[in-house]
Amino acid sequence: MIARINRRETIALLGGAAAWPIAARAQPGDRVRRIGVLMPLDGNDPVANTYVSAFAQALAGLGWTDRRNVRMDVLWGGGDINRIRALAQELVGLKPDIIVTAGTAATAALQRETRTIPIVFAGVGDPVAFDIVPRLDRTGGNVTGFASSEPTLAGKWLELLSEIAPGLKRAAIMFDPGAPQPSAYIASYETAARSLKVELIIVPVQSDVEMEMTIIALGREPGGGLVGTDLFTVAHRASIISAAARNNVPAVYARSEFVRDGGLLSYGFDRVDLFRRAASYVDRILRGDKPGNLPVQFPGKFEMVVNLKTAKALGLAVPPSIRLRATEVIE
Amino acid sequence: MIGRREFIAGLGGAAVWPLAARAQQQDDRVRALQMRVLRLLVESTAGTIEGFIREIERQVGWTTQLPWSAGTLDQRRFDGLRLLRQVPPISEFAQLDSSGKEELRLSRLAMPVVGSGTDYSQDPKFTEAVAHRVYYGPVYFRRESDAYMTLSVAGTGRGSGVSVVEVSLLGVWNVVRLLEIGERGVCYVVDSQGRVIAHHFVGLALRNMDFSSLPQVEAARRKVEAARRGTSTGIRTPVMLGKDINGHDVLVAYTMIWGLYWLVFAEIPVEDADSLAR
């Protein structure tokens with residue numbers, strides 16, 4: 001926008017005779033670059049595919065088109081930590097020019113496999129706490145990217161749950177014990193639970209059955225609710241959403257895909273935006289910048305999605321304080 | 001100047017001076033145009049950045065219209081939530097009553113705090129806002145690579161409080177990083193201390209760099225000080241020869257954003273200046 005205004009002014013100034021140099025900066029070379037993409041979710045997950053296409057589209061906008069001057073190999077982890085670790089090894093073995101990934105588990109797995117191939121992550125909870133980078137402004141090594149979240153958000157989810165489900169007494173968090181666990185999030189949940197006078201139930205889960213049992217237990221008495229998400233619960237969200245509906249359990253998730261698929265409420269950063277921004281780092285690195293010189297960036301866009309159909313089915317009135325904050329309302 | 005000298009040297013000096021004089025005139029005109037282009041770039045960029053901050057200021061302004069005694073906490077909470085919804089760069093909103101005590105704090109990232117009563121009556125975000133209506137805090141890094149600024153706006157009536165917001169400056173960087181200046185020119189913004197708020201290159205933008213020793217930044221900061229003391233009417237976008245961070249000669253134009261006292265620079269390697277008008 002700015003560049004365009006200035007171009008016009010310059011042309012006016014020179015009497016229209018001169019043309020502004022178009023894309024005068026370093027151009028992509030002729031060689032086809034290989035981009036390895038490790039996505040932690042399933043290849044059939046439409047949302048995960050949205051991320052990959054947003055990334056590819058942003059990259060094309062920067063002059064890198066799949067099958068013309070770049071080749072993208074996308075591997076899918078299916079929400080399974082062991083599979084993600086095996087795929088990380090496989091992907092590094094392909095010796096791509098650069099690797100793009102998402103999530104703490106996949107990033108950590110890739111980093112174990114290579115200290116030389118540049119890795120750009122779109123979404124790691126706390127890259128310093130997980131030893132992925134030593135500092136945010138000078139990452140130094142082969143890894144950089146876009147941090148995804150903040151531990152204080154855990155308190156936010158609990159607050160929103162108590163707001164949309166008055167009379168909340170117990171809230172459960174389900175997570176995969178095999179994945180890296182951010183203890184800072186638990187601390188934030190605990191602080192919020194104390195101030196909201198809600199009992200916090202922390203449940204490790206590794207199967208659909210365990211998740212279903214947890215949700216049935218929550219629904220047995222009024223006042224039960226569900227908060228938060230991790231890689232495993234995102235991959236298995238269909239069973240969570242349907243169990244929550246059947247057992248009348250309100251839930252607040254960190255990711256909007258839950259709500260688009262029928263969950264009640266979500267609040268978190270815009271992941272599509274993160275993948276778009278990741279393309280800018282891939283572009284810089286393919287043009288010669290060192291990943292260690294690119295600082296870790298933070299989410300700029302947040303989204304709150306509320307599903308009114310689900311609220312109605314649960315017998316909940318969505319309060320105005322949530323309505324006015326919602327970036328998307330599903331009716 | 002440099003260009004002229006080089007040009008004459010190139011033609012073998014004084015022996016060909018009538019020819020050189022004509023070429024020199026032309027060369028001067030080209031140089032003047034190049035300087036004009038740089039000036040326009042820097043002024044329009046500064047205008048966009050100023051617009052970004054002033055728009056936030058305007059949006060915060062309407063949360064201060066009610067005197068503190070009027071209006072319920074619920075109303076203020078709604079105003080705050082709406083503000084966070086409307087203005088994505090704001091990460092936190094707080095309201096201080098007319099004595100500087102915090103009544104309400106809302107955050108995009110954390111739980112709300114009601115009636116903490118924290119005393120900010122001696123804090124510049126309260127005192128400066130009361131004295132001058134608006135206060136722009138120094139740029140700070142919330143985490144090593146995440147630049148923010150505190151902005152506060154006081155209500156106009158007696159007994160009205162002060163609204164305080166924390167503003168992410170990523171939007172400033174987004175203005176600067178997309179700007180193309182000739183082939184290898186760059187734009188950057190520093191605060192009144194010479195610390196980098198935004199730079200065309202991300203590696204220089206998001207890590208709290210200090211540019212105060214660059215000659216153009218030194219010169220500009222002297223003018224900022226004069227403007228702040230009121231001994232000058234401001235900065236009229238000078239163009240000068242400066243140095244880039246690698247010590248190479250650059251042609252550089254700069255201007256100041258009033259109130260914020262931020263400095264916006266556009267620079268291009270001297271030998272590249274021709275690409276400005278190409």
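Proteins get letters first, then strands, A, B, ... in listed order; numbering begins at 1 in each.
At a threshold of 4.5 Å between non-hydrogen side-chain atoms, the residues A/Asp289 and B/Phe201 do not count as touching. Here the side chains of B/Leu84 and A/Arg325 are not in contact, with every heavy-atom distance at 4.5 Å or above. Taking 4.5 Å as the limit, some side-chain heavy atom of B/Leu109 sits within range of a side-chain heavy atom of A/Phe302. Within the 4.5 Å cutoff, side-chain heavy atoms of B/Pro112 are placed close to those of A/Glu159.
With a 4.5 angstrom heavy-atom cutoff, B/Leu170 touches chain A only via side-chain atoms. Using a 4.5 Å cut-off between heavy atoms, A/Arg284 contacts chain B through its side chain alone, with no backbone atom that close. For A/Glu303, no part lies near chain B; criterion is any non-hydrogen pair under 4.5 Å. In this structure, no portion of B/Pro89 lies under 4.5 Å from any heavy atom of chain A. Only the backbone of A/Ala326 comes within contact range of chain B, with at least one heavy atom under 4.5 Å from a heavy atom of that chain. Interface residue A/Arg277: only side-chain heavy atoms are found under 4.5 Å from chain B. Only the backbone of B/Ser107 comes within contact range of chain A, with at least one heavy atom under 4.5 Å from a heavy atom of that chain.
Note: B/Met111 CE to A/Leu153 CG = 12.5 Å, rounded to the nearest 0.5 Å. The structure places CZ of B/Arg108 at 5.5 Å from OH of A/Tyr267, a figure rounded to the nearest 0.5 Å.
Shown here for B/Ser145 and A/Leu136, the closest heavy-atom pair between the two residues is OG-CB, 3.7 Å. B/Arg207 and A/Asp137 get closest at one heavy-atom pair: NH2-O, 2.7 Å. The nearest pair of heavy atoms linking A/Thr327 to B/Arg85 is CA-NH2, 3.7 Å.
Residue-level contacts of residues 189-201 of chain A with chain B, in order of numbering, are A/Ala192, A/Ser195, A/Leu196; threshold 4.5 Å between heavy atoms.
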